[in-house]
Trainee: 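Shown below is the structure under consideration.
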Number of protein chains: 2
Amino acid sequence: MSIQTRRERERAERERLIVTAARELAEAEGWDAVTTRRLAAEIEYSQPVLYSHFKGKDAIMAAVAVEGCAELAVELRTAREAASGARARLAAVGSAYTAFGRRRPALYDAMFTHAVDLPFATPEAPAPLQEAFGELVRAVEPVAADGDDVPLLTETFWASLHGLVTLMRSARLPEAGHARRLDLLIGHFTAGRV
Amino acid sequence: MSIQTRRERERAERERLIVTAARELAEAEGWDAVTTRRLAAEIEYSQPVLYSHFKGKDAIMAAVAVEGCAELAVELRTAREAASGARARLAAVGSAYTAFGRRRPALYDAMFTHAVDLPFATPEAPAPLQEAFGELVRAVEPVAADGDDVPLLTETFWASLHGLVTLMRSARLPEAGHARRLDLLIGHFTAGRV
DNA sequence: TCCTGATTCTAGCAACGCTAGACAACCTGT
DNA sequence: ACAGGTTGTCTAGCGTTGCTAGAATCAGGA
């Protein structure tokens with residue numbers, strides 16, 4: 001029995017090794033550099049070992065994405081708690097979100113851009129995803145008007161932030177005006193309130 | 001001389017053949033199905049011919065993207081002209097934009113998601129791109145407050161629409177609430193005006 | 001000590017984007 | 001009308017990708 005648990009523990013450790021190696025490699029050189037061969041070399045095992053842990057490369061990316069969501073949730077909460085006032089909190093969270101996307105582009109891509117079979121907008125979504133969204137909800141709720149559907153409003157706000165991040169990251173929007181664009185967005189989402 | 005022009009014309013025709021074949025294949029089966037071999041078979045030429053027209057697959061996607069922008073511009077203009085009143089026009093354009101993204105996902109990806117080396121936010125950007133953005137500007141301008149930087153506000157609005165489209169397309173947002181999310185967005189961008 | 005079962009590795013498949021060099025077709029000048 | 005040379009196209013193949021079948025190896029139990 002103890003042997004069994006030891007093996008399971010070692011397996012779990014190796015699985016974490018795979019996920020963190022994939023993440024570090026992606027952040028350092030982009031997801032294109034994360035090939036199964038390269039990843040296998042990084043963890044000092046052969047290629048097929050990866051497939052005994054994950055269904056494929058996409059599943060590894062999904063695992064990295066979940067990890068990233070946990071981190072994002074923490075950063076959003078920190079930003080929210082550091083600010084006071086409904087508008088300032090929304091601005092802080094929006095700023096933290098976009099900063100996260102710009103600071104960790106590869107991680108962000110795995111989370112929100114890459115096609116992935118993670119359940120998102122359902123109760124079966126992994127906890128870290130729900131926590132990250134929950135942080136957004138807590139920031140949006142105070143500026144919602146009476147009768148507003150808060151989750152829906154949060155989704156809209158989230159989409160706006162996501163658009164800013166992705167369009168800027170692909171150079172479709174110049175980095176220059178980012179702060180002012182964010183300001184405009186916050187301004188419109190808090191117009192008439194506070 | 002006439003021979004030369006005939007050859008150039010034939011070359012141009014073949015180039016259009018490549019672009020439309022790529023586009024149709026992508027729209028029918030997604031960009032993953034658009035391989036250089038498959039594309040070559042589709043146009044009934046051998047693979048290397050593609051490379052005498054385009055630098056690589058990405059360049060073909062970029063050409064498709066430019067074509068898509070021209071179409072988007074037309075659809076946005078049509079929507080804008082069909083509506084009356086500043087708010088209604090903004091709503092119509094927003095709706096047309098997201099409808100385009102949902103109706104032609106592959107085309108939309110090439111235009112706004114896929115990493116592409118098209119110059120975007122510069123004067124050197126291809127005309128169709130500038131026209132499409134110009135349509136958005138014309139829709140946003142009437143609802144801008146005095147002193148608002150209209151291009152910047154347009155970029156912000158665009159990003160919001162883009163976020164809605166991409167998050168919904170990857171199932172990170174449920175399709176269900178789309179109309180209401182769009183409504184909320186338009187509401188916030190026109191709050192206090194009109 | 002040997003057997004059995006799980007685990008890991010070697011080797012390879014099919015498909016990808018892209019390219020070098022052979023081949024064929026065409027225009028040009030006599 | 002015919003050789004010469006340029007232009008254009010194709011065949012074949014390189015290196016890499018994600019993924020997998022089957023051989024080999026290691027471990028635990030009798």
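Lettering follows sequence order; numbering is per chain, from 1.
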Trainee: Looking at dC19(D), I'd like to know if its phosphate oxygens (OP1 or OP2) sit under 4.0 Å from a side-chain N or O belonging to Thr36(A).
Mentor: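 Checking dC19(D) against Thr36(A), no side-chain N or O comes under 4.0 Å of OP1 or OP2.
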
Trainee: Please step through side chain to side chain donor-acceptor pair (under 3.5 Å) for the pair Ser170(B) and Arg172(B), ending with a clear verdict.
Mentor: CA-CA 5 Å; Ser170(B) 62; Arg172(B) 270 137 177 140; 3.1 Å; yes

Trainee: Quick one: Arg37(B) CZ to dT17(D) P, roughly how many Å, whole number?
Mentor: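 Taking CZ of Arg37(B) and P of dT17(D), I get 16 Å after rounding.
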
Trainee: Nearest-Å distance, CD1 (Ile18(A)) to C1' (dG18(D))?
Mentor: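 Result: 15 Å.
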
Trainee: Could you check how far CH2 of Trp31(B) sits from C1' of dC16(C), rounded to whole Å?
Mentor: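 Rounding to the nearest Å, CH2 of Trp31(B) and C1' of dC16(C) are 16 Å apart.
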
Trainee: Are Arg23(A) and Glu27(A) ion-paired here, with the side-chain N under 4.0 Å from a carboxylate O?
Mentor: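 Yes.
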
Trainee: When you measure from the side chain of Gln130(A) to the backbone N and O of Ala125(A), does any donor-acceptor pair fall under 3.5 Å?
Mentor: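 It does hold such a pair.
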
Trainee: Expressed as a whole number of angstroms, how long is the span from Leu39(B):CG to dC18(C):P?
Mentor: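 Atom-to-atom, Leu39(B) to dC18(C), this comes out as 12 Å.
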
Trainee: Checking the side chain of Ser95(B) only, and the main-chain atoms of Ala91(B) only, is there a donor and an acceptor separated by less than 3.5 Å?
Mentor: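 Here the side-chain-to-backbone pair does not exist.
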
Trainee: Can you pull every protein N or O that's under 3.5 Å from an N or O on nucleotides 5-7 of chain C?
Mentor:
none

Trainee: Where the side chain of Tyr51(B) is defined as all heavy atoms beyond and including C-beta, which of dG18(D), dC10(D), dC18(C) is the nearest nucleotide?
Mentor: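 The nucleotide sitting nearest to the side chain is dC18(C).
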
Trainee: Send over the distance from Tyr45(B) OH to dC18(C) P, rounded to a whole Å.
Mentor: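 Value for this atom pair: 21 Å.
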
Trainee: Supply the atom-to-atom distance Met168(A) CE to Thr98(A) OG1, rounded to the nearest 0.5 angstrom.
Mentor: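 The OG1 atom of Thr98(A) is 6.0 Å from CE of Met168(A), to the nearest 0.5 Å.
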
Trainee: Before accepting this row, confirm whether a basic side-chain N of the pair Glu135(B)/Arg138(B) lies closer than 4.0 Å to the acidic partner's carboxylate O.
Mentor: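 Counted as a salt bridge, because a side-chain N and a carboxylate O are separated by less than 4.0 Å.
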
Trainee: Measure CG/Leu50(B) against P/dG17(C) and give the value in whole Å, please.
Mentor: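 Result: 10 Å.
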
Trainee: Select base, sugar-phosphate, or nothing to describe what Ser46(B) touches, counting heavy atoms under 4.0 Å on all strands.
Mentor: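 Since a base atom lies under 4.0 Å of Ser46(B), the category is base.
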
Trainee: Is any side-chain N or O of Gln47(A) under 3.5 Å from a base N or O of dC9(C), one able to act as donor and the other as acceptor?
Mentor: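 No such pair is found, so the answer is no.
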
Trainee: State which residue, out of His162(A), Arg169(A), Arg103(A), fulfils the side-chain hydrogen bond (donor to acceptor under 3.5 Å, both in side chains) condition with Tyr108(A).
Mentor: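 In the set His162(A), Arg169(A), Arg103(A), the residue that makes a side-chain hydrogen bond (donor to acceptor under 3.5 Å, both in side chains) with Tyr108(A) is His162(A).
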
Trainee: Could you work out which one of dT11(D), dG12(C), dC9(C) sits closest to the side chain of Val49(A)?
Mentor: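 Between dT11(D), dG12(C), dC9(C), the one nearest the side chain of Val49(A) would be dC9(C).
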
Trainee: If I take atom CZ in residue Arg38(A) and atom P in nucleotide dC19(D), what distance separates them, rounded to the nearest angstrom?
Mentor: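 Going from CZ in Arg38(A) over to P in dC19(D) covers 18 Å.
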
Trainee: Grab the CZ-C1' distance between Phe54(A) and dG18(D) for me, whole Å please.
Mentor: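 Those two atoms, CZ and C1', are 16 Å apart.
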
Trainee: Starting at the 5' end of DNA chain D and moving along, which residue's nearest nucleotide shows up first, Ala33(A) or Pro48(A)?
Mentor: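 Going by which nucleotide is closer to the 5' end, it is Ala33(A).
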
